[in-house]
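The shown structure was predicted, so the numbers you read here are calculated from the model rather than taken from an experiment.
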Amino acid sequence: MSTVLDLNCDMGEGFGAWTMGDDLALLDHITSANIACGFHAGDPATMQRVVRAALAKGVAVGAHPGLPDLVGFGRREMKVSPADAYAMVVYQVGALAAFARAAGGRLNHVKPHGALYNMAAKQRPLADALVQAVHDVDPTLVFFGLAGSQMVAAAQAAGLRVAQEVFADRAYEDDGSLAARGTPGAMIEDAAASLAQVRLMLQGQVRARSGTLVALQADTLCLHGDQPGALDFARTLREALTADGVVLQAPAPR
């Protein structure tokens with residue numbers, strides 16, 4: 001069983017007067033924060049606030065770039081060329097890195113969001129573009145990508161440090177991809193079932209919806225801050241993993 005695991009959470013996904021999730025409370029239970037950069041969610045004031053709060057609590061700060069789709073929350077696929085994706089990611093990562101630097105800290109990692117993440121997990125040219133963007137902004141950054149996906153392969157080929165990501169609240173398909181939202185059983189809402197899945201993933205495998213065991217590597221675990229009961233879930237999961245002897249810490253940049 002793996003003995004070291006990062007707990008990451010997507011946050012800073014409010015916009016203007018609208019808020020999503022209890023970011024400040026969640027920071028007490030995670031080790032890495034993936035902060036929206038203004039394309040799928042977030043705005044400058046939100047980015048600044050969450051970056052400062054994360055640094056104050058010793059949580060690693062990461063950029064969470066997505067597609068330019070506020071209405072669809074970045075979860076709708078768009079036809080974007082690798083060149084356009086590259087520019088989008090450079091823009092967003094650069095902005096979040098500036099807020100981290102202005103707050104006296106530094107950017108630790110990058111994790112793509114939503115549809116951009118899922119598209120790049122399967123499309124190597126798109127994965128290469130995202131990885132190249134991160135590399136060109138700062139080659140010391142850690143790249144978060146779906147375990148076993150094209151993003152992981154692209155990041156490894158580019159020489160970036162990679163954290164292979166797994167999910168406690170999402171079901172998997174036989175090829176190691178995440179079951180599409182809206183698919184029956186795609187979202188795991190029972191805390192006990194989620195914890196059982198995490199413990200199995202720490203042993204190097206996950207049970208797909210079909211019942212097949214799929215091999216994977218678990219370096220960082222995603223907790224969704226927008227899911228119902230996110231705070232209680234994060235607290236319960238952290239306590240259980242700590243009791244199991246798992247060391248919870250963020251992956252360090254090169």
Donor-acceptor contacts under 3.5 Å from residues 87-104 side chains, at least two apart:
| unit_1 | atom_1 | unit_2 | atom_2 | d |
| --- | --- | --- | --- | --- |
| Gln92 | OE1 | Gly66 | N | 3.0 |
| Gln92 | NE2 | Gly66 | O | 3.0 |
| Gln92 | NE2 | Met88 | O | 3.2 |

Taking distance alone, no hydrogens or angles, what donor-acceptor pairs closer than 3.5 Å link side-chain atoms of residues 48-58 to residues at least two apart or in another chain?
| unit_1 | atom_1 | unit_2 | atom_2 | d |
| --- | --- | --- | --- | --- |
| Lys57 | NZ | Leu24 | O | 3.1 |
| Lys57 | NZ | Asp28 | OD1 | 3.0 |
| Lys57 | NZ | Asp28 | OD2 | 3.4 |

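Grouping the Ile, Leu, Val, Met, Phe, Trp and Tyr side chains by contacts below 4.5 angstrom, directly or via other members, places Val152 apart from Leu221. Cluster annotation: Leu178 and Met151 are assigned to the same hydrophobic cluster (Ile/Leu/Val/Met/Phe/Trp/Tyr, side-chain heavy-atom contacts under 4.5 Å, transitive).
Side-chain atoms of Ser149 and Ser177, non-hydrogen and from C-beta on, never get closer than 4.5 Å to each other. Side-chain contact check for Leu130 versus Tyr86: every heavy-atom pair is 4.5 Å or farther apart. Residues Gln150 and Lys122 fail the side-chain proximity criterion, which asks for heavy atoms closer than 4.5 Å. Using a 4.5 Å cut-off on side-chain heavy atoms (C-beta onward), Leu241 and Leu202 make contact. Residues Arg170 and Ile188 are not in side-chain contact: their nearest non-hydrogen atoms beyond the backbone lie 4.5 Å or more apart. Using a 4.5 Å heavy-atom cutoff, the side chains of Ile30 and Leu223 are in contact. Met11 is not listed as a side-chain neighbour of His64, based on a closest heavy-atom distance of 4.5 Å or more. Between Leu231 and His29 the shortest side-chain heavy-atom distance falls below 4.5 Å.
Evaluation of the side-chain contact (heavy atoms from CB on, under 4.5 Å) rule for Ala147 yields Gln164, Val166, Leu216 as partners, not counting sequence neighbours. For Thr31, the side-chain contact (heavy atoms from CB on, under 4.5 Å) partners two or more places apart in sequence, or in a different chain, are Asp6, Leu7, Arg238, Leu248, Ala250. With sequence neighbours left out, Ala196 forms a side-chain contact (heavy atoms from CB on, under 4.5 Å) with no residue at all. Shown here are the side-chain contact (heavy atoms from CB on, under 4.5 Å) partners of Ala155, two or more places apart in sequence or in another chain: Val131, Phe143, Leu160, Val162. For His109, the ring-ring contact (aromatic ring centres under 6.0 Å, His included) partners at least two apart in sequence or on another chain are Phe144.
For the residue pair Ser194 and Arg199, no side-chain donor N or O sits within less than 3.5 Å of a side-chain acceptor on the partner. Side-chain polar atoms of Asp128 and Gln132 form no donor-acceptor pair below 3.5 angstrom.
Considering all non-hydrogen atoms of both residues, Ser32 and Pro251 come closest at OG-CD, 4.2 Å. Taking every heavy atom of both residues into account, Ala171 and Gly185 meet most closely at CB-O, 3.2 Å. Annotation for Ala252 and Val142: closest pair O-CG2, 3.6 Å, computed over non-hydrogen atoms.
For Phe73 and His113, the ring centers sit closer than 6.0 Å to each other.
The stretch residues 145-170 participates, sequence neighbours left out, in these ring-ring contact (aromatic ring centres under 6.0 Å, His included) pairs: Phe167-His224. Residue pairs satisfying the ring-ring contact (aromatic ring centres under 6.0 Å, His included) criterion with at least one member in residues 196-221, sequence neighbours excluded, are absent. Applying the salt bridge (charged side-chain N to carboxylate O under 4.0 Å, His left out) test to residues at least two apart or on different chains, the pairs with a partner in residues 157-168 are Lys111-Glu165. Among residue pairs with one or both ends in residues 171-215, none qualify as ring-ring contact (aromatic ring centres under 6.0 Å, His included); sequence neighbours excluded.
Checked for salt-bridge contact, Arg106 and Asp138 meet the test: a charged N lies under 4.0 Å from a carboxylate O.
When hydrophobic side chains of Ile, Leu, Val, Met, Phe, Trp and Tyr are connected at separations under 4.5 Å, Val71 ends up as a singleton with no cluster partners.
A distance of 9.5 Å separates CG of Leu70 from CG of Asp43, quoted to the nearest 0.5 Å. Atoms OG and CG, from Ser81 and Leu126 in turn, are 9.0 Å apart once rounded to the nearest 0.5 Å.
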